[in-house]
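Presented below is the structure to which this report refers.
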Amino acid sequence: MTAAEFISKIHYKLSPEEEKLLQRAFIFGEKAHDGQKRFSGEAYFNHPAEAALILARILPNASTIAATLLHDVPEDTKVTLAEIRKEFGEEIANLVDGVTKLGKVRLRNSKDEYYVENLRKMFVATSKDIRVILIKLADRVHNMRTIQFVRKEKQKRIAEETLEIFVPITNRLGIGEWKDELEDLAFKIVAPEEFEKTEKLLKETLHGREKALRQLQKDVSEILRTEGVKFESLRGRVKRVYSLYKKLQKYEGDIHKIYDLVALRVITKSTADCYAALGAVHKHLQLLPGRVKDFIALPKPNGYKSIHTTVFDNHNNIFEIQIRTEQMHDEAVKGIAAHWYYEEGNKADKMQKMQVQWVQDLQDMQEQLHNPEDFLNALKIDFFQKRIFVLTPKGDVRDLPLGATPVDFAFSVHSNLGFYMQGAKVNGKMVKINHLLKSGDVVEVVKSKKPVTISDDWLKHAKTSNARSKIRHYLEENQTGIFNSLKKLIRRN
Ligand code: MN
């Protein structure tokens with residue numbers, strides 16, 4: 001791919017400055033990766049270029065596209081981040097840096113749920129700019145598309161990581177297009193037999209249904225015209241293999257109990273037209289009771305909006321009909337990035353809206369991972385300060401704020417561990433309990449047999465609200481600390 005070909009594949013209109021920027025980033029990246037090859041034998045730079053095109057379809061923002069072109073440069077070439085900063089400025093350099101840091105997160109060969117949660121947490125915490133996550137996701141989509149060239153064992157690790165970490169994030173962000181594609185590509189690697197079986201079953205069951213779908217399309221179009229309901233288009237969609245596989249598990253493997261194998265999407269201009277279309281469809285086609293779902297009135301947690309209903313066509317075939325506006329459809333495909341298209345205002349406003357949404361999503365995700373109330377309160381104080389990541393001796397990741405000490409670490413592992421802490425080791429060496437921890441430290445708490453006496457000094461050593469609230473609680477209960485000193489002072493006078 002040449003720079004000109006790359007530019008011509010961008011589907012939206014670039015301003016002359018944007019075009020110049022992308023051209024420069026393309027040539028810079030191509031030169032940096034010169035001589036490198038992918039496992040497939042093609043030039044390495046094809047990968048960032050393809051990833052940038054995947055990103056551009058979801059987020060038409062030139063700085064983010066440029067950063068995607070450069071995302072592997074610091075890690076894989078001799079060209080440094082400082083050179084990128086000098087050439088392309090702070091914004092693009094920070095995006096590239098964020099992606100590089102995320103690249104260091106690896107899935108250990110473990111099904112341990114707790115570890116995966118930590119990893120997901122680490123993943124989201126490293127990304128203060130939502131665009132870093134979007135670049136990383138586009139990178140993963142392209143890596144999954146070309147995974148057949150990678151070594152077999154490595155394929156499996158990447159695919160598992162995709163299902164466990166990347167898919168939940170695309171789902172949370174509502175990016176339906178990437179989620180569907182990642183799920184099917186990864187499922188095929190993780191469970192090839194199940195994939196093949198499910199795909200075969202789907203094909204057999206769908207045999208002959210295409211004709212029926214085309215007929216339904218005609219019928220519904222006729223119905224909407226008769227009833228005077230305006231609509232933009234009618235599109236068919238077939239259920240994805242992985243999505244079918246998951247549903248089959250719920251229905252004892254009986255594909256005849258699954259009614260949304262084929263769906264007809266009615267795209268309307270306005271929300272009012274959605275309800276008008278629903279009325280018209282129900283007037284003319286027999287519906288399956290109990291299957292009307294109004295995700296417009298009650299959107300899914302990730303923001304998904306649509307009305308679903310299930311009907312019989314005139315030959316007793318069952319179809320799902322999904323009714324939504326063009327904007328709702330676009331949001332279901334692009335998720336959080338759709339803010340870019342639908343928010344009013346300039347780029348900075350749009351960015352702001354996206355970031356606010358991202359913070360909200362992060363909080364929701366964290367909330368699901370932990371004891372909701374405590375954690376959410378702590379989150380507001382702790383989360384967007386700088387984070388460090390330290391390890392337990394077993395290799396679990398603990399996510400702590402910058403300036404955290406072994407006191408914070410101990411209470412983050414278990415509230416009782418804090419109360420039994422006699423001392424701490426960092427990377428095998430004894431340290432004071434006010435020792436400042438750094439990312440990558442392995443921290444071990446030296447436990448005493450009995451609870452230790454905690455002085456109010458400990459409050460000074462604790463950075464996290466979690467540790468502080470527990471120490472404060474302890475000091476109040478035990479009448480030590482400042483209250484005690486005060487009492488002594490009063491008594492002395
Ligand atoms: Mn990459």
Side-chain angles (χ1 to χ4, degrees), residues 1 3 6 9-10 22 24-59 61-81 83-85 87-88 92-107 119 122-124 126-127 129-151 154-167 169-170 173 175 177-179 181-182 185-186 189 337:
M1 201 190 308
F6 174 77
K9 283 184 180 167
I10 302 269
L22 292 186
R24 274 203 301 130
F26 190 99
I27 289 163
F28 187 97
E30 197 179 34
K31 198 172 149 220
H33 288 288
D34 188 34
Q36 296 176 348
K37 295 244 181 301
R38 298 201 88 208
F39 288 117
S40 61
E42 58 174 355
Y44 187 87
F45 191 66
N46 270 350
H47 159 65
E50 291 291 347
L53 290 173
I54 292 169
L55 185 279
R57 292 209 62 81
I58 296 278
L59 189 71
N61 167 242
S63 336
T64 319
I65 300 170
T68 313
L69 285 171
L70 303 171
H71 79 269
D72 281 327
V73 167
E75 186 74 6
D76 297 340
T77 78
K78 284 190 186 128
V79 180
T80 62
L81 185 69
E83 287 166 74
I84 292 177
R85 182 167 282 121
E87 190 68 27
F88 295 99
I92 291 174
N94 286 345
L95 289 171
V96 173
D97 188 34
V99 178
T100 309
K101 281 183 180 144
L102 266 191
K104 304 223 156 84
V105 179
R106 287 271 180 268
L107 185 70
L119 196 64
M122 182 158 163
F123 190 106
V124 293
T126 344
S127 307
D129 190 326
I130 167 69
R131 294 177 298 168
V132 170
I133 291 278
L134 295 176
I135 295 171
K136 192 67 196 169
L137 290 171
D139 173 50
R140 182 52 59 111
V141 170
H142 185 248
N143 281 335
M144 285 304 297
R145 279 186 193 170
T146 52
I147 197 164
Q148 69 270 26
F149 301 110
V150 173
R151 263 190 298 118
K154 208 177 158 198
Q155 283 187 11
K156 220 161 184 150
R157 179 183 69 71
I158 295 172
E160 275 173 7
E161 188 182 62
T162 300
L163 280 182
E164 287 172 18
I165 313 274
F166 289 80
V167 165
I169 289 171
T170 49
L173 297 177
I175 312 173
E177 195 170 81
W178 287 355
K179 176 184 163 270
E181 188 175 354
L182 286 177
L185 289 169
I189 305 281

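All of these numbers come straight from a predicted model, not from anything done at the bench. Note that ligands are numbered from 1 as they come in the structure, with each ligand's atoms numbered from 1 the same way.
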Here the gap from Thr162 atom OG1 to Ile169 atom CD1, rounded to the nearest 0.5 Å, amounts to 11.0 Å
Is the distance from the Mn ion (ligand 1) to the nearest N/O/S atom of His47 under 2.8 Å?
-> yes
The Mn ion (ligand 1) is nearest to which N, O or S atom of Asp72?
-> OD2
Restricting to N/O/S, name the atom of Asp139 that gets closest to the Mn ion (ligand 1).
-> OD1
Tell me whether [X] is salt-bridged to [Y], with the criterion being a basic N under 4.0 Å from an acidic carboxylate O.
{"X": "Glu161", "Y": "Arg140", "value": "yes"}
{"X": "Arg57", "Y": "Glu177", "value": "no"}
{"X": "Lys31", "Y": "Asp34", "value": "no"}

